[in-house]
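Worksheet: one structure, shown below.
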Amino acid sequence: MIQIAIMGFGTVGGGVAEVLSRNGMQIAQKLGEEVSLKTILVRHFKDGPYRPRMTDDFARIENDPDLSVVVETIGGVDAAYEYTRRALEAGKHVVTANKQLVAERGAELLKLAKEKNVNYLFEASVGGGIPILRPLCQCMAANQIEEVYGILNGTTNYILTRMVRTGAFFTDALREAQAKGYAEADPTADIEGIDAGRKTCILADLAFGQQVLPESVPMEGISRLSLRDVKVAERAGYRIKLLGRAMRLPDGSRTAYVAPHLIPEDAPIATVEDVFNAIVVKGNATGEVMFYGRGAGALPTASAVVADVIDALQHREKRKEIGWSDNSAGFVGPETLPMRFYFRIDGSLTDAALAFGQVEVLSEDGETAFLTEPIPGNEAANRARNLNVLSKFRVLDT
Ligand SMILES: NC(=O)C1=CN([C@@H]2O[C@H](COP(=O)(O)OP(=O)(O)OC[C@H]3O[C@@H](n4cnc5c(N)ncnc54)[C@H](OP(=O)(O)O)[C@@H]3O)[C@@H](O)[C@H]2O)C=CC1
Ligand SMILES: N[C@@H](CC=O)C(=O)O
């Protein structure tokens, strides 16, 4: 019998317990041994069938030699970092869904895991239930990865879908996403693109082998997106989606950012709705590969967490080599990347043409909405400096 612990018993932690209980037989068959949930670390005790296993004392996990794997689903950095570090120090494998911790302290924790010859795995930290990190590191290992981009936040994709398709108000759609367990404890991280930014960093770390610091990645969310832009874009054959992107540039440097994009409606990723996420990986041998599935929610996320528990246990003797260098040199901002931009201005087509020359007009009714030719972001900002800009977004041309 293998004994494990869960730290943080909320949406994902509860889902992990449910998957372990529901699929216990299948998991035991894979491992040749049963997995038993022995201890649950909580901050506040809750009644129910798991009450006898709960403790609020981390030392009961740290000092228990019977516990071989610890699942961290607390979230944030403070307690989660402290407990993860101490669990690894104590020689326990740690599995997490915590993208903030992996994006900010992953290189350090992976180094510690290596020193202690244990696994630190985090498949659930990007794309919820979608298998993405393992395929990126293993199935695409023969490639040089050129770019990774995708819809990486279930809450904002859910909100956008509800607003556009059913006319729901932003606040109502957010409340629904929270009730379904999709949103972060502080949903600002979802709305302002920070959660997608952390996931973009993890994808870039693994794809390019070097640390991308979250504070160096420009992150813009959906709070400045108006339904007017969505309608103009749709009439012109585009959908607007929040994308995280990480790219290797021709000179070998790397860039990453998060921002809403206009996407041609015939691109597969444009059709991704509701809580679903999709991640496109471009390898120099495979070309584009797209991964699609539920990006948030208790059971899809728990599926990825429990798969990591199984993987950690299958690699008890020879740990999984996963990681990246903590050297963040060679990261540049995305301002010099040439791409088309969407502008909506309080002004005429003449104003637009004077600033940008050739443009593609999308709408002209008092305000003017148009697409530029491909130009670097810093040049777009410079040319627009005398315009009264109401909205500005990038266009995804792949
Ligand atoms: N929800 C989702 O769909 C997904 C979430 N994630 C990630 O998974 C992690 C957990 O998210 P989620 O389950 O949604 O969050 P929840 O807020 O639902 O659960 C977190 C739990 O941790 C508990 N907790 C907080 N601090 C401590 C502490 N010091 N000691 C013990 N327990 C503590 C909280 O207790 P209390 O109730 O007392 O606050 C809460 O029950 C986060 O990192 C999140 O980003 C990843 C993918 C998808
Ligand atoms: N809040 C996140 C949860 C999963 O990572 C999201 O909405 O995608």
Side-chain angles (χ1 to χ4, degrees), residues 5-18 39-46 48 50 54-62 70-84 86-87 95-106 122-130 132-133 150-161 173-174 176-200 202-203 221-222 242 244 258 272 274-279 293-305 308:
I6 298 176
M7 306 191 292
F9 205 56
T11 302
V12 180
V16 170
E18 189 175 338
T39 312
I40 299 172
L41 182 72
V42 296
R43 206 162 42 170
H44 305 105
F45 288 90
K46 294 167 201 152
Y50 291 103
M54 290 181 184
T55 177
D56 58 3
D57 179 7
F58 172 69
R60 289 212 18 218
I61 291 176
E62 186 178 28
V70 177
V71 170
E72 184 270 300
T73 45
I74 292 175
V77 167
D78 303 338
Y81 169 74
E82 175 69 8
Y83 297 159
T84 299
R86 285 166 57 183
V95 166
T96 189
N98 186 340
K99 52 265 167 152
Q100 182 177 1
L101 184 58
V102 177
E104 292 181 18
R105 310 294 292 265
F122 42 89
E123 180 62 60
S125 66
V126 179
I130 306 174
I132 171 63
L133 303 186
I151 296 170
L152 297 171
N153 184 267
T155 300
T156 43
N157 208 38
Y158 179 86
I159 293 173
L160 287 177
T161 305
L174 171 60
E176 285 172 29
Q178 288 176 302
K180 287 172 185 281
Y182 302 156
E184 295 303 298
D186 176 359
T188 315
D190 297 294
I191 307 307
E192 299 302 344
I194 299 161
D195 178 74
R198 291 169 180 151
K199 294 166 178 167
T200 304
I202 298 171
L203 289 168
I222 62 167
L242 182 66
V258 178
V272 174
D274 203 86
V275 72
F276 286 84
N277 285 189
I279 301 143
R294 287 178 193 278
L299 293 185
T301 309
S303 154
V305 171
D308 272 352

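Just so it is clear, the values below take in all heavy atoms, side chains as well, and ignore hydrogens, waters and symmetry mates. One-based numbering, in listed order, for ligands and for the atoms of each.
Selection from His44, Gln178, Lys199 by nearest heavy atom to atom 38 (O) of ligand 1 gives His44. For atom 4 (C) of ligand 2, the candidate residues are Lys99, Arg294, Lys180; the nearest heavy-atom contact is made by Lys99.
Nearest heavy atoms, Val70 versus Ala87: CG2-CB, 4.4 Å. Nearest heavy atoms, Ala5 versus Ile61: CB-CD1, 3.9 Å.
Counting heavy atoms under 4.0 Å from ligand 1, residue Ala97 touches it through both backbone and side chain. The proximity of Phe9 to ligand 1, defined as any non-hydrogen pair under 4.0 Å, is limited to the backbone. With a 4.0 Å heavy-atom cut-off, ligand 1 is reached by the side chain of Lys46 but not by its N, CA, C or O. The side chain of Asp195, and not its backbone, has at least one atom closer than 4.0 Å to an atom of ligand 2 (non-hydrogen atoms only; side chain from C-beta on). Only the side chain of Glu184 comes within contact range of ligand 1, with a heavy atom under 4.0 Å; no backbone atom does. Within the 4.0 Å heavy-atom criterion, the part of Ala124 lying near ligand 1 is the backbone and not the side chain. Residue contacts with ligand 1, taken as heavy atom pairs separated by less than 4.0 Å, involve Thr301 solely via side-chain atoms from C-beta onward. At a heavy-atom cutoff of 4.0 Å, ligand 2 is contacted by the backbone of Ala183 but not by its side chain. Neither the backbone nor the side chain of Thr96 has any atom closer than 4.0 Å to an atom of ligand 1 (non-hydrogen atoms only).
For atom 18 (O) of ligand 1, the nearest protein heavy atom lies under 4.0 Å away. When distances from atom 15 (O) of ligand 1 to the protein are checked, no heavy atom turns up under 4.0 Å.
Checked against a 3.5 angstrom limit, the closest N/O atoms of Asp190 and ligand 2 fall inside it.
For Arg86 and Glu82, the salt-bridge test passes: some basic side-chain N is under 4.0 Å from an acidic carboxylate O.
In terms of protein heavy atoms, atom 21 (C) of ligand 1 is closest to Gly10 N, 3.7 Å.
Using a distance-only test at 3.5 Å, with no hydrogens or angles considered, no donor-acceptor pair links the side chain of Thr301 to the main chain of Ala124.
Taking the six-membered ring for Trp and thresholds of 30 and 60 degrees, Tyr158 and Tyr182 have ring planes more than 60 degrees apart, a perpendicular arrangement.
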